[in-house]
There are 2 protein chains.
Amino acid sequence: MSHVLSPRPDTRFLVLDTALTLFTERGFFSTSVHDISREAGVSIGSIYHHFGDKEGVASALYEQLGARMEGLISEIRRRHTTAHDQAMELVSRLFQLTESEPRAMEFMLYAKHREFLPRQGPVCSSRPFVLMREIVSMGMERGEIRPMDTLIASASLFGGPLRMITGRLDGLVDKPLPECLDAVWACAWRAVAMAAPAP
Amino acid sequence: MSHVLSPRPDTRFLVLDTALTLFTERGFFSTSVHDISREAGVSIGSIYHHFGDKEGVASALYEQLGARMEGLISEIRRRHTTAHDQAMELVSRLFQLTESEPRAMEFMLYAKHREFLPRQGPVCSSRPFVLMREIVSMGMERGEIRPMDTLIASASLFGGPLRMITGRLDGLVDKPLPECLDAVWACAWRAVAMAAPAP
DNA sequence: GTCTATACGACGATAGAC
DNA sequence: GTCTATCGTCGTATAGAC
């Protein structure tokens, strides 16, 4: 626990925070370990001591953000019962996160991790995306969502909102995403929602 | 016109074709000019003679594929009158293209061009995506699509289908996309279509 | 754990003959 | 237009002192 008492800022945190900024601004390959070292005020030796190699930095970043994302979804699944509420809350939180931490969002779902993290599968196979599909799957069993291929339903429900996020990160969308939530969600839900029973 | 008569395969084509394969397989930064030279059977000197530098190769590839895409959309817009038909035909053709030329699709809409083509804007600002938004815009004027922000409608209509494409390129989707067309399109169109007038 | 200095390899790009 | 040979730089990673 010595690090808690130490006045020195945590090296690992410093490095990861700087790396996230540089990776998203210039990209992984256009960022040298020297750059990270200089910007973070941490020596190269320390970086290699903590992370092994450059890929290790990206890897740690990926895992950290992935775990946060997973925690977020798990929390949402505990707090809401219907697929509709769970999915809408998820989109809402992702929209908020895009505004408050655009770099984190960009690194998670916009970076081509396969290019620099060959061990990781594609993003959409990662835990968070699996959990999203589980929400959809549950919705179909509950009769909230029309019966169809789960993958198709998942893409149709979250495809629009995710596209808004990348559009926002690209500077294509001017308005803060939370202001668009109602309109975006209405379309997304309409795409997969069970038709109202004939009166 | 001497190149037409020459028995030697066109160098530019050879290089671009090889580059497309390598760029999508390993990524732009993990592909050296030496790699392209070796795989294409063309000397390094020739590559630099034709393309100036490595970025020039990627740039030429980007322009070539972008022009093809634009031509495709223009053709569709001429052959169909309603936004519904235009958009559905577009999704259908993109699905076919994903199967027949996955590398071209991947390079066009899955690569992070900003990392190696700093001059190019984001993909979604490119001509093809502008044309897609024009289809949606027209559909709204014609009363086919509910009135709403064009960007939101565009994301909602094409977000699902595009997500299926990336899912397919990632190996997440097993079935050939054209087989999913009806189900995917039904969801996509439902998301934005004007409600049927009350009987 | 943190630092500096250095080794080493790879890659982008060029020169210049044919 | 095409080729081979070469140069110079940059960046990853390590060694070893503190």
Side-chain angles (χ1 to χ4, degrees), chain A residues 1-62 111 113 115-119, chain B residues 1-62 111 113-120:
Chain A
M1 287 298 186
S2 66
H3 64 281
V4 179
L5 301 173
S6 163
R8 187 199 323 270
D10 185 18
T11 300
R12 279 184 65 95
F13 174 82
L14 233 46
V15 170
L16 290 179
D17 194 49
T18 306
L20 177 57
T21 301
L22 295 179
F23 286 169
T24 49
E25 268 178 5
R26 317 176 187 175
F28 177 81
F29 293 100
S30 302
T31 302
S32 72
V33 182
H34 286 278
D35 292 336
I36 302 175
S37 164
R38 184 167 11 88
E39 295 288 320
V42 170
S43 74
I44 285 222
S46 284
I47 296 180
Y48 278 94
H49 173 77
H50 282 288
F51 299 98
D53 58 5
K54 185 182 174 185
E55 191 182 313
V57 177
S59 191
L61 208 47
Y62 186 84
H113 304 105
E115 276 191 31
F116 53 88
L117 292 178
R119 297 182 180 179
Chain B
M1 286 300 188
S2 66
H3 65 281
V4 178
L5 300 173
S6 163
R8 185 199 324 267
D10 185 19
T11 301
R12 280 185 65 96
F13 174 81
L14 232 48
V15 170
L16 289 179
D17 193 50
T18 306
L20 177 59
T21 301
L22 295 179
F23 286 168
T24 48
E25 266 176 9
R26 317 175 186 173
F28 176 81
F29 293 100
S30 302
T31 302
S32 72
V33 182
H34 288 275
D35 292 336
I36 302 176
S37 165
R38 184 167 9 89
E39 295 289 319
V42 170
S43 74
I44 286 220
S46 283
I47 296 180
Y48 278 92
H49 173 77
H50 281 288
F51 299 98
D53 59 5
K54 185 182 175 186
E55 193 183 309
V57 177
S59 191
L61 208 47
Y62 186 84
H113 305 105
R114 310 199 62 163
E115 276 190 32
F116 53 89
L117 293 178
R119 299 180 179 180
Q120 299 285 350

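Letters go in sequence order (proteins before strands), and every chain restarts at 1.
A cation-pi contact, defined as under 6.0 Å to the ring centre and within 45° of the axis, links A:K54 to A:F28.
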Discussion item. For nucleotides 3-18 of chain C, give me one character per nucleotide, 5' to 3': B if any protein heavy atom sits under 4.0 Å from the base, S if the only such contacts are to the sugar-phosphate, - if neither.
Written reply: BB------SBBB----
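Ring geometry for B:F29 against A:F29 counts as parallel: the plane angle stays under 30°, on a 0 to 90° scale with 60° as the upper cut.
Not one N or O on the side chain of B:S37 forms a donor-acceptor pair closer than 3.5 Å with the backbone of B:V33. Remark: the backbone N or O of A:S32 is paired with a side-chain donor or acceptor of A:D35 at under 3.5 angstrom.
Rounded to whole angstrom, the span from the CD1 atom of A:I36 across to the C1' atom of D:dT12 amounts to 12 Å. A:R12 places its CZ atom 11 Å from the P atom of C:dT2, with the value rounded to the nearest Å.
Between A:L61 and A:L16, the shortest heavy-atom distance links the atoms CD1-O, 3.6 Å.
Between A:T11 and C:dT2, a side-chain N or O to OP1/OP2 separation shorter than 4.0 Å is present.
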